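In what follows, every heavy atom counts, from backbone to side chain, and hydrogens, waters and symmetry copies are set aside. It should be emphasised that the depicted structure is a prediction, and the values quoted were computed from it without experimental measurement. In what follows, residues are counted from 1 in the order of the sequence shown.
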Amino acid sequence: MGFLGTIGHLILTPLYYAVSAVLLGWHWVLSLVLPADGGASWVLSIIGLTVVVRAALIPLFVKQINASRNMQLIQPKVKELQKKYGHDREKLAQETMALYRESGTNPFASCLPLLVQSPIFIALFRLLDQAYKHGSTNGLLTASQAASLGHAELFGHIPISATFLKHQGLASVQILAAFLVVAMTITTFTTQRQLMTKNMPKDAMSGQYAQQQKTLLYVLPLVFAVGGVAFPIGVLFYWTTTNLWTMGQQFYVIRRNPAPGTPAFEAKQRRDRAKGHAVAEPETGATPEVPEEPEPPRQPRQQPKRQSKQQRKRSSGGGKPGGADPGKTDGKSDGKSDGKSDGKGDGKSDGKSDGKDQDKPDAEDDDGTSEGKTA
């Protein structure tokens with residue numbers, strides 16, 4: 001055993017004890033009604049091990065469902081961030097992680113059940129393989145129990161330690177292994193497709209998250225189909241059973257507690273209406289919408305009034321030499337109007353006197369004009 005093998009054995013040793021303890025417990029119960037060395041008792045013990053493991057993973061499954069739902073509901077906001085910061089990947093990553101924190105979403109929570117099951121799967125694989133090849137007593141297995149597990153035969157002639165590739169010259173091994181591989185592949189595909197078609201909002205059917213789900217829809221079954229031909233039949237029973245558990249558990253959750261805005265949610269509303277129950281309103285999302293602050297009203301721009309050339313000269317405080325003096329114009333107009341009005345109202349004599357008096361402002365205006373020229 002090399003260095004890496006030693007490290008791997010140390011990591012798997014606690015799992016050997018846990019897996020073998022559960023496996024031997026089920027085997028002891030089943031041996032009361034079935035032959036202890038028969039393949040049926042060991043296969044059913046493996047199925048019992050699967051049930052115990054999946055029951056223990058229910059809290060992680062709940063976290064997986066919540067994380068998957070939150071990821072679906074925040075997809076519209078993720079798209080907005082991608083449009084806004086698509087040119088800056090660093091800023092986009094920062095804003096996306098901030099959105100995950102605000103909504104309480106962990107993008108890796110959806111992988112927790114698979115990550116936790118993988119070491120258990122490896123431990124069971126090694127336990128069965130080593131018991132058949134070397135009679136190894138890993139975990140709590142005794143030598144007699146290891147030999148019984150390694151050489152157990154289902155239906156009296158199908159070794160549960162055989163694989164599709166290493167079928168020991170038995171066509172029945174290949175048939176059963178192929179059936180289990182196909183069942184494992186179909187259940188994986190059905191579980192993923194059920195999630196996408198029934199429990200994903202329309203807004204989440206496009207974008208990066210949807211692409212990841214579509215990739216898993218086809219990649220995972222392919223991986224299991226390729227790798228399944230090298231798995232012992234006992235391990236294939238474990239993985240097919242866990243896939244059936246996942247599919248049934250997901251069907252129950254989608255039917256009873258679907259994500260808002262999904263086909264499953266609309267179907268549940270129709271069922272509730274048919275039963276006369278109150279229909280729940282769909283949630284708006286994982287995080288409340290933040291109202292945008294209204295922009296302050298913009299002041300209309302005041303256009304400058306058009307001024308004549310004469311008005312511009314007056315505002316500048318000066319004029320051209322020889323230009324008309326306002327006093328002169330006002331004096332003339334005032335003099336004429338006053339003279340006429342006074343002449344009509346008071347008499348000819350008054351009009352004459354007023355007319356004479358009006359000559360003085362004209363004179364003054366002439367003086368102002370001459371002063372302007374001199375200046």
Can you give me the closest heavy-atom contact between Pro258 and Arg256, atom names plus distance? CD-C, 3.6 Å
Got a sec: does the CH2 of Trp245 have more than 12 other heavy atoms crowding it under 6.0 Å? yes
For Gly228 and Leu236, which heavy atoms make the closest approach, and how far apart are they? O-CD2, 3.7 Å
From Leu24 CG over to Leu149 CG, what is the distance, rounded to the nearest 0.5 angstrom? 8.5 Å
Is there a path of hydrophobic side-chain contacts, each under 4.5 Å between heavy atoms, that joins Leu141 and Phe125? yes
Does Ser20 use its side chain to pair, donor to acceptor, with the backbone of Tyr17 at less than 3.5 Å? yes
Could you pull out the closest heavy-atom pair between Thr50 and Thr242, with the gap in Å? CG2-N, 3.6 Å
Tightest non-hydrogen contact, residues Thr137 and Ala146, listed as CG2-CB, 4.4 Å
Determine whether Trp239 and Phe231 satisfy the following criterion, ring-ring contact (aromatic ring centres under 6.0 Å, His included), listing intermediate values before the conclusion. CA-CA 10 Å; Trp239 205 257; Phe231 295 159; 7.7 Å; no
Should Phe251 and Leu244 be regarded as members of a common hydrophobic cluster, given that ILVMFWY residues are connected when their side-chain heavy atoms come within less than 4.5 Å of each other, either directly or indirectly? no
If the plane angle is over 60° it's perpendicular, under 30° parallel, otherwise tilted; pick one for Tyr132 and His151. tilted
Are there over 12 heavy-atom neighbours, none belonging to Arg255, within less than 6.0 Å of that residue's CZ? no
Does a side-chain heavy-atom distance below 4.5 Å link Arg126 with Tyr16? yes
Verify whether one side chain among Arg54 and Thr241 offers a donor that lies under 3.5 Å from an acceptor in the other. no
Under 3.5 Å donor-acceptor, Arg101 side chain and Thr96 backbone: no
Evaluate side-chain contact (heavy atoms from CB on, under 4.5 Å) for Ile233 paired with Thr163, printing each intermediate quantity in order. CA-CA 6 Å; Ile233 288 178; Thr163 68; over 6 Å; no
Looking only at heavy atoms, the pair that brings Leu170 and Pro159 closest together is CD1-CD, 3.9 Å
Taken to the nearest 0.5 Å, the spacing of Trp26 CH2 from Leu44 CG works out to 9.5 Å
Mind checking the CG-OG1 spacing from Asn243 to Thr187? Nearest 0.5 Å is all I need. 3.5 Å
Determine, using the 4.5 Å side-chain heavy-atom cutoff (strictly less than), whether Phe121 and Leu222 are members of one ILVMFWY cluster. no
Test item: Ser161 side-chain N/O and Gly150 main-chain N/O as donor-acceptor pair under 3.5 Å: yes
Ser41 and Gly38 have their tightest heavy-atom pair at OG-O, 2.8 Å
To the nearest 0.5 angstrom, please state how far the CD atom of Glu153 sits from the CD1 atom of Ile158. 9.0 Å
Pick out which of Val19, Val235, Leu15 makes a side chain to side chain contact (heavy atoms under 4.5 Å, CB included) with Leu127. Val19
Drop me the distance from Thr262's OG1 to Ile254's CD1, to the nearest 0.5 angstrom. 8.0 Å
Quick one: do Lys91 and Glu95 make a salt bridge, cutoff under 4.0 Å? yes
Side-chain H-bond candidate by donor/acceptor type, Gln145 with Ser148, under 3.5 Å: no
Under 4.5 Å between side-chain heavy atoms, hopping through other hydrophobics if needed: is there a path connecting Leu49 to Ile47? yes
Can you tell me how the ring of Trp42 sits relative to the ring of His27, calling it parallel under 30°, perpendicular over 60° and tilted otherwise? parallel
Lys166: partners by salt bridge (Lys or Arg N to Asp or Glu O under 4.0 Å), with sequence neighbours left out: none
Which distance, rounded to the nearest 0.5 Å, do you find between the CZ of Phe189 and the CZ of Arg193? 6.0 Å
Can Leu180 and Phe237 be said to form a side-chain contact (heavy atoms from CB on, under 4.5 Å), step by step? CA-CA 7 Å; Leu180 292 174; Phe237 271 106; 3.8 Å; yes
Taking atom CD of Glu90 as the centre, report whether more than 12 heavy atoms of other residues, nucleotides or ligands fall under 6.0 Å from it. no
Quick check: is Val229 connected to Ile186 through a chain of hydrophobic side chains (ILVMFWY, heavy atoms under 4.5 Å apart)? no
